[in-house]
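Written out below as structure tokens is the structure these notes cover.
Predicted, not measured: the structure shown is a model, and the values here were computed from it. All chains are named by letter (A, B, ...) in the order of the sequence lines, taking the proteins before the strands, and each is independently numbered beginning at 1.
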Protein chains: 2
Amino acid sequence: MSKSNNVYKDAYNRCLRLLDETRSLPSEPELGTLLGVSRTTVRSILARMEETGLIAWNKRSKMVLRAPRPDDFFPEEETDTLAEIIERSFMRRLLAGGAEAGMQINELELAREIGVGTTSVREFLIRFSRFGLIEKRRNSHWVLKGFTRAFALELTEIREMFELRSAAAFAALPEESPVWADLDRLEDEHRLLAREIATRFNEFSELDERFHRLIHRASHNRFIVDFYDVIAMIFHYHYQWNKAQERERNEVAVAEHLVYIAALKSRDLGKVDAACRKHLKSARNTLLTSIPEAGSRSAPEARRA
Amino acid sequence: MSKSNNVYKDAYNRCLRLLDETRSLPSEPELGTLLGVSRTTVRSILARMEETGLIAWNKRSKMVLRAPRPDDFFPEEETDTLAEIIERSFMRRLLAGGAEAGMQINELELAREIGVGTTSVREFLIRFSRFGLIEKRRNSHWVLKGFTRAFALELTEIREMFELRSAAAFAALPEESPVWADLDRLEDEHRLLAREIATRFNEFSELDERFHRLIHRASHNRFIVDFYDVIAMIFHYHYQWNKAQERERNEVAVAEHLVYIAALKSRDLGKVDAACRKHLKSARNTLLTSIPEAGSRSAPEARRA
DNA sequence: ATAATGTCTTTTATCGTGAAAAAACATTTT
DNA sequence: AAAATGTTTTTTCACGATAAAAGACATTAT
């Protein structure tokens with residue numbers, strides 16, 4: 001089966017949406033950058049659009065003939081990356097209970113179960129290993145370390161260290177820096193969301209990530225910025241998994257973000273520190289309460305103030 | 001060619017060294033744990049040792065017949081992991097000049113040049129990416145970010161954050177903790193090395209790593225512990241690359257370590273902090289001076305084609 | 001009964017292969 | 001000339017296949 005053409009299919013779908021807005025498509029290189037694919041893929045897309053009567057294509061002219069219909073689109077599930085498919089399968093197994101710490105992970109079995117080659121699974125596991133949830137035994141299987149309380153504490157410890165530093169760096173940024181405009185825009189989005197929290201509370205997760213990433217970027221440190229991938233990943237699945245009091249939690253978080261933003265804008269390091277600490281503390285508690293305390297776990301050592 | 005039997009060869013060589021010490025070898029499972037390989041591999045080793053007349057093997061009895069000769073050993077280079085081979089090749093290219101930031105890395109070309117399959121190179125690059133020196137362009141090449149001054153500063157920033165915290169945690173460890181005995185042993189090794197620094201200065205690098213890893217482990221945080229891999233990797237190649245004033249640098253570092261150790265043993269957090277800061281500062285400077293300042297390309301490097 | 005050895009099965013590590021996608025080169029159009 | 005289109009080459013991604021290594025099961029020795 002070699003390789004699926006999901007890049008093409010996904011770009012095709014996105015290109016269809018462009019069709020609604022114009023009477024004719026731009027040049028091939030332009031479309032390429034717009035869709036984030038190579039010209040080779042652009043040409044495949046155009047070829048199919050011509051075939052299905054969506055456009056009339058002759059050299060530079062790419063006239064739109066009709067609006068796309070729902071059945072013009074490729075099915076959603078065919079546009080996913082293999083890596084995404086594997087990650088989802090893997091996380092479902094991991095979170096859907098029965099994933100005890102110490103359990104071993106079998107590449108071949110995983111590959112068979114998901115219906116993909118072993119190479120892709122291996123590469124996924126290697127990439128995934130940086131999240132600290134699995135570990136490789138040389139020439140042998142992987143070991144699951146478990147989504148435990150200890151894990152959450154270690155993760156949040158680093159997060160707090162990094163974010164406090166980033167927030168301080170952020171507040172010290174000069175007036176001319178474009179980040180202040182970004183922050184203003186995010187603040188508006190927060191206010192809007194706060195007003196309509198009753199119905200839009202599930203949109204918070206995405207806003208949350210953008211906000212924290214903006215702050216982390218102020219550190220100008222690749223290790224800090226990259227570490228947010230770990231946090232984002234954990235919180236992404238955590239949000240999907242733990243829906244208890246989601247509305248209330250998000251409402252509180254939005255309010256905390258607004259205080260945090262005000263502190264940043266004040267440039268008062270003391271205020272920034274306090275607002276950041278407060279928010280991170282409640283984020284940590286949210287995460288911790290979602291983790292079932294394993295009764296038989298040996299020495300869940302109390303650590304860290 | 002599939003897979004090289006380097007595990008077997010390496011274990012065989014290590015097993016040969018065992019032969020010098022005993023008149024007969026232990027049971028198969030025991031040998032397995034001793035050499036860190038499976039019984040399957042142990043049996044292959046025993047089979048060959050019998051063939052070459054090194055031992056007489058009959059069920060439980062494995063009598064040593066003669067001492068191993070130099071030509072009994074497999075050549076060193078055949079005992080390396082593919083991953084090690086690839087890493088070395090890659091780092092040589094990276095450090096041997098001509099590795100400008102922004103340059104693109106070609107999996108296929110690398111694989112051909114090293115003489116291995118692309119899969120192994122891909123897996124290596126994925127693993128290597130956590131060091132923050134390369135970055136992947138989706139569906140396309142990798143980009144070299146370069147071993148720059150910025151990289152060194154970002155790396156050391158995190159290192160300092162992590163080590164200060166770990167050192168404080170270390171000093172707070174209870175009297176009964178076994179780490180104090182480990183520290184005592186390391187202190188002795190340091191004193192010994194200090195006395196013979198003139199001839200043994202090149203042994204410092206290994207001692208340095210063990211010392212810092214011991215401290216980082218006190219954090220009880222997998223992210224902190226794992227991050228030391230990045231530092232160790234960089235320093236490992238840095239030591240190989242920059243031999244300028246190696247003896248003097250190591251002499252200073254050993255002295256700093258001894259002060260650091262004394263501070264830890266005193267449990268005085270102020271002293272620990274000061275000693276740690278001082279040592280990390282000189283470590284940073286050492287690293288920084290070894291990085292050629294971008295722009296001044298005056299150095300007539302012998303570039304590999 | 002326990003622990004070793006002997007035998008058989010499964011998994012991991014690595015390669016070559018081929019389609020998808022990118023990139024490079026050549027030609028035309030504005 | 002610059003920028004597009006047309007064409008060809010190269011690289012990435014993912015697979016199945018196979019030897020090395022690990023692991024499981026069966027048998028024998030203490």
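- Straight-line distance from the CH2 atom of B:W57 to the P atom of C:dA4: 15 Å, rounded to whole Å.
- Put simply, CG on B:D10 is 16 Å from P on C:dA13, counting in whole angstrom units.
- For the pair A:N106 and C:dT12, the criterion of a side-chain N or O lying under 4.0 Å from OP1 or OP2 is met.
- Other residues, nucleotides and ligands contribute only 12 or fewer heavy atoms inside 6.0 Å of the CD atom of B:E76.
- Annotation: side-chain hydrogen bond (donor to acceptor under 3.5 Å, both in side chains) contacts involving residues 6-21 of chain A, sequence neighbours excluded, comprise A:S4-A:N6, A:K9-A:E78, A:D10-A:R14.
- With hydrogens and angles ignored, no donor-acceptor pair under 3.5 angstrom links the side chain of B:K3 to the base of D:dT18.
- Contact annotation: B:R112 reaches the phosphate of D:dT11 (side-chain N/O to OP1 or OP2, under 4.0 Å).
- Counting any heavy atom pair closer than 4.0 Å across all strands shown, B:S4 reaches sugar-phosphate atoms only and no base atom.
- Taking the side-chain contact (heavy atoms from CB on, under 4.5 Å) definition, one finds that B:Q104 meets it with B:H141, sequence neighbours left out.
- The aromatic rings of A:F151 and A:F147 sit tilted relative to each other, their planes meeting at an angle between 30° and 60°.
- Listed by residue number, B:R122 are the residues of residues 118-126 of chain B with a heavy-atom contact under 4.0 Å to DNA chain D.
- Distance, A:L35 CG to C:dA21 C1': 14 Å, rounded to whole Å.
- When the P atom of C:dG16 is taken as reference, atom CD of B:E107 falls 15 Å away, rounded to whole Å.
- The salt bridge (Lys or Arg N to Asp or Glu O under 4.0 Å) check on A:E206 picks up A:R210, with sequence neighbours excluded.
- Dashed line: the shortest gap from a side-chain N or O of B:S2 to OP1 or OP2 of C:dA13 is not under 4.0 Å.
- Across the protein-nucleic acid pair, B:N6 atom CG and C:dC15 atom P stand 11 Å apart, rounded to whole Å.
- Among D:dA22, C:dA21, C:dT12, the nucleotide with an atom closest to any side-chain atom of B:V7 is D:dA22.
- Judged as a side-chain hydrogen bond (donor to acceptor under 3.5 Å, both in side chains), the pairs with a partner in residues 110-120 of chain A (not counting sequence neighbours) are, in order, A:R93-A:E113.
- For B:T41, a side-chain nitrogen or oxygen approaches OP1 or OP2 of D:dA22 to under 4.0 Å.
- Where B:R138 and B:S61 meet DNA chain C, the nucleotide closest to each residue was compared, and B:S61 sits on the side nearer the 5' end.
- A rotation axis mapping the C1' atoms of four pairs onto the next four is fitted at both ends of the helix from C:dA1-D:dT30 to C:dT30-D:dA1 over five pairs, and the angle between these axes is 30° to 10 degrees.
- For B:E107, the side-chain hydrogen bond (donor to acceptor under 3.5 Å, both in side chains) partners two or more places apart in sequence, or in a different chain, are B:R122, B:W142.
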Report summary line: Contact string for nucleotides 23-30 of chain D, one letter per nucleotide 5' to 3', B = base within protein heavy-atom range under 4.0 Å, S = sugar-phosphate only, - = neither, reads BB----S-
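- The side chain of B:K136 contributes an N or O atom lying less than 4.0 Å from OP1 or OP2 of D:dC13.
- Rounded to a whole Å, the CD1 atom of B:I105 is 10 Å from the P atom of D:dT12.
- Straight-line distance from the CG atom of B:L108 to the P atom of C:dA23: 14 Å, rounded to whole Å.
- Taking the nucleotide of DNA chain C with the nearest heavy atom to each of B:E30 and B:L82, the more 5' of the two is matched to B:E30.
- Projected onto DNA chain D by closest heavy-atom contact, B:Y8 and B:W142 fall at different nucleotides, the more 5' of which corresponds to B:W142.
- Applying the salt bridge (Lys or Arg N to Asp or Glu O under 4.0 Å) rule to B:R213 yields the partners B:E209, B:D229; only residues at least two apart in sequence or on another chain are considered.
- The distance from the OG1 atom of B:T79 to the CZ atom of B:F74 is 10.5 Å, given to the nearest 0.5 Å.
- For the pair B:E109 CD and C:dA23 C1', the computed distance is 14 Å after rounding to whole Å.
- Residues forming a salt bridge (Lys or Arg N to Asp or Glu O under 4.0 Å) with A:K62 (at least two apart in sequence, or on another chain): none.
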Requested in this report: Apply salt bridge (charged side-chain N to carboxylate O under 4.0 Å, His left out) to B:R217 and B:D182, showing your working.
Outcome: CA-CA 12 Å; B:R217 242 177 284 130; B:D182 294 335; 5.3 Å; no
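- One finds a side-chain N or O of A:K62 lying less than 4.0 angstrom from the OP1 or OP2 phosphate oxygen of D:dT5.
- Taking B:R92 as the reference, nothing meets the salt bridge (Lys or Arg N to Asp or Glu O under 4.0 Å) condition, with sequence neighbours excluded.
- Take B:H216 and apply the ring-ring contact (aromatic ring centres under 6.0 Å, His included) test, not counting sequence neighbours, and it matches B:Y228.
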